[in-house]
Amino acid sequence: MPEPTRAVALTALTELWEQGCRIASPDERDRLVNIGLRRWHSFHRRHPRIRQPSHEARIRDLVRGLIAAVELEPGLVGPLVKDYECVAEAIAAAAAPSRKP
């Protein structure tokens, strides 16, 4: 993964941690960025029938992937899903910076 993309994602997760996002802890930050960027860039390979996925669909996929990779019992995430969504948005913004909010 290009280092500038990783740096932007790491900075975004650092800011999320400072804002109170419990998922973006310093201990897990590198792992979240690695998993997130890899999953973001593999979307089309994993979903070849979806020609033009919406940004929201890609974020949902990224959230599912992060939860599956980090949580011991993904079905019990509960309210933390909002934190995973914030992390996914930050990683997506780093991976696809030309997207307008």
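Only heavy atoms go into these numbers, but all of them, side chains included; no hydrogens, no water, no symmetry mates.
Among all heavy-atom pairs drawn from Ala24 and Leu32, the shortest one is CA-CD1, 4.2 Å. For the pair Ala92 and His55, the tightest heavy-atom approach, listed with the atom from each and the gap, is CB-CE1, 4.1 Å.
Just one residue in the list Val87, Ile35, Ile91 forms a side-chain contact (heavy atoms from CB on, under 4.5 Å) with Leu62, and that residue is Ile91.
Members clustered with Phe43: Ile50, by chain and number, using a 4.5 Å side-chain heavy-atom cutoff among hydrophobic residues.
Applying the salt bridge (Lys or Arg N to Asp or Glu O under 4.0 Å) test to pairs two or more places apart or on separate chains, those with a residue in residues 41-55 are Arg46-Asp61. The list of salt bridge (Lys or Arg N to Asp or Glu O under 4.0 Å) pairs with a residue in residues 70-80, not counting sequence neighbours, is empty.
Criterion: ILVMFWY side-chain heavy atoms under 4.5 Å apart, direct or through other members. Under it, Trp40 and Val8 are not part of a common hydrophobic cluster.
Here the CD1 atom belonging to Ile23 is positioned 4.0 Å from the OH atom belonging to Tyr84, to the nearest 0.5 angstrom. For the atom pair Glu28 CD and Arg22 CZ, the distance stands at 15.0 Å (nearest 0.5 Å).
Under the rule for a side chain to side chain donor-acceptor pair (under 3.5 Å), Arg64 has no partner lying at least two apart in sequence or in another chain. Contacts of Glu85 classified as salt bridge (Lys or Arg N to Asp or Glu O under 4.0 Å), with partners at least two apart in sequence or in another chain: Lys82. Under the rule for a side-chain contact (heavy atoms from CB on, under 4.5 Å), the partners of Ala57 that lie at least two apart in sequence or sit in another chain are Ser54, Arg60. Pro74 is linked by a side-chain contact (heavy atoms from CB on, under 4.5 Å) to Ile67, counting only residues two or more places apart in sequence or in another chain.
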Let me check something: any side-chain donor-acceptor pairs from residues 10-19 under 3.5 Å, sequence neighbours excluded? List them with distances.
residue: Thr11; atom: OG1; partner: Ala7; partner atom: O; Å: 2.9
residue: Thr14; atom: OG1; partner: Leu10; partner atom: O; Å: 2.9
residue: Thr14; atom: OG1; partner: Arg29; partner atom: NH1; Å: 3.2

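Here the side chain of Arg31 pairs a donor or acceptor atom with the backbone of Ala69 at under 3.5 angstrom.
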